[in-house]
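To start, the structure under review is shown below, and the notes come after it.
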Amino acid sequence: MAYHWEGEPGDTRTITYGWLNDEVRRFANVLRGLGIGKGDTVAIYMGRVPEIIVAMLACAKIGAPHTVIYGGFSEQALSDRINDAKSRVLVTCDGAWLRGKTVNLKDIADLAIEKSPTIEKVVVYKRTQQDVKWVEGRDLWWHDVVADASPQAETEVMDAEDPLFILYTSGSTGKPKGILHTHGGYMVYSSTTLAWVFDLKPDDVYWCAADPGWITGHSYIVYAPLILGVTSLMYEGAPTHPGYDRWWDLVAKYQVSILYCAPTAIRGLMRYGDEWPAKHDMSSLRLLGSVGEPINPEAWRWFYKQVGGERCPIMDTWWQTETGGFMITPMPVTPLKPGSATRPFPGIDIDVVDDEGNSCPPNVDGRLVIKQPWPAMLRTVWGDDDRYIAQYWNAFPEQGWYLAGDSARRDEDGYIWVIGRIDDVIKVSGYRLGTAEVESGLVSHASVAEAAVIGIPDELRGSVIYAYCILVAGQYGSEELADALKDHIRKEIGPIAVPTKIEFVSVLPKTRSGKIMRRVLKARAMGTPEGDTSTLEE
Ligand code: AMP
């Protein structure tokens, strides 16, 4: 069994390795029939259905780099990525289920293609059965072309350094970067890290609850688990549909033993209270994992206690789209400290350095650098080698170190604490504060479910902090509560971290992968242009 699959409406499928093998071969033949071969890019814009995996692997089989665009992106984001990758074929779905409604993927794709003239053919997988517009000669139904294709297909012989995929990620500028990964190193590193960090056993049911459309999904839903022969769970929809316990229900139903997800999801579910996980028998769980941003100790403890029953170590994995696999991470035997991703993976040479490149002493903030190459490192920014060099290699050109773009500190035990992106560090009266630190402080107050803070320029102090808080269900914002939160931060972190202004909001601007877009909050607070907001979820 490769995947237990469950749709949001509750329909289920059983995906075996044998079925995948057949479907991948058939779809490889479909792509070849459309004139796609080694080196041609294929754009994939689908929901969380098993066929997204088939499409990715069929590309890998014929040596055509895939570029998966997350199914929640808007037409502009989709079109920009297709244009940058110059794809001739787009694989999509009629629609996808999300929160009880359908996302009209094909309609969005149609609009995107109007601005993406390279697209010649569109293959459409039927998921929601909704009506779609049809362009004769361009559009093809997946079920028709796959049924007609042979299940025998030669695998293209590739060099280890040939491109496997391009995955777009947001950088410090508005234009997305196409991160390029290759066949050999990526496969070796993603599978080795998964095997060691999640200690996979033949009877495990492993659930990476990310989306295949971002790096966590590429590495740890698709490539690494399939290389290792793992049985995974894949779930199509929202964690809170139809009830706040959908995830916990899935854990119990499929006897999930390893759950790997993002802090934003944990905080989102924590909001609704302890009773939801408590309704389900989650004793099958033995390991938990977290990825995507620093996990605040409050969420860590809730995850550990309410989900893991104080039994399951949490693998807090620090890595990036660019790194392809876990870089700083515990293993199940590592003593944990809530909020720290602990130590580098064996063989990974990571340091925290000051602006001159000197290693920082314990507990002093610095820049996170990677000093030696590793198998799954990005090879370039697609079509833009100059940007690749400027972005990642120019900070310490003499030493040849990779700049991760994060600030971090190492404690006296050698544990690394990632503070956040370098651009998310706020200097207040000369003191450095991580947005994540202040946010974690706010969330540790019983009334706050989620928080985002930004630095606003201030003549006297350099910057002051503005905070935006989402309250737990049943709480309402007031002057008194704002004062109480300021007091709380004063106690938690110190007077320097107290926000000048606290605003209560019902949503925060987030990327599809759940990261808060602080630059949008900042632009709004300062009345400056918001820049590209086409990739925002909310
Ligand atoms: P992405 O490429 O979208 O996965 O984003 C990578 C960035 O997410 C890193 O540079 C970090 O800022 C952040 N990140 C990912 N995982 C962690 C983690 N476990 N702890 C702290 N930050 C993380």
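Remember, it's 1-based here, ligands and their atoms both numbered in the order they're listed. Because the structure is a prediction, the values reported are computed rather than measured.
In this structure, Asp384 does not pair ionically with Lys177, as no charged nitrogen and carboxylate oxygen lie closer than 4.0 Å.
A donor atom on one side chain and an acceptor atom on the other are found under 3.5 Å apart for Asp351 and Ser359.
Listed by first and then second residue, the salt bridge (Lys or Arg N to Asp or Glu O under 4.0 Å) pairs involving residues 288-299 are Arg267-Glu293 (not counting sequence neighbours).
Using bins of under 30°, 30° to 60° and over 60° for the plane-to-plane angle, the ring pair Trp300/Tyr304 lands in the parallel bin.
Qualifying ring-ring contact (aromatic ring centres under 6.0 Å, His included) partners for Phe303, counting only residues two or more places apart in sequence or in other chains: none. The salt bridge (Lys or Arg N to Asp or Glu O under 4.0 Å) check on Asp80 picks up nothing, with sequence neighbours excluded.
The protein residues lying under 4.0 angstrom from ligand 1, judged by non-hydrogen atoms, are Gly292, Glu293, Pro294, Asp316, Thr317, Trp318, Trp319, Gln320, Thr321, Asp406, Val418, Arg421, Lys515.
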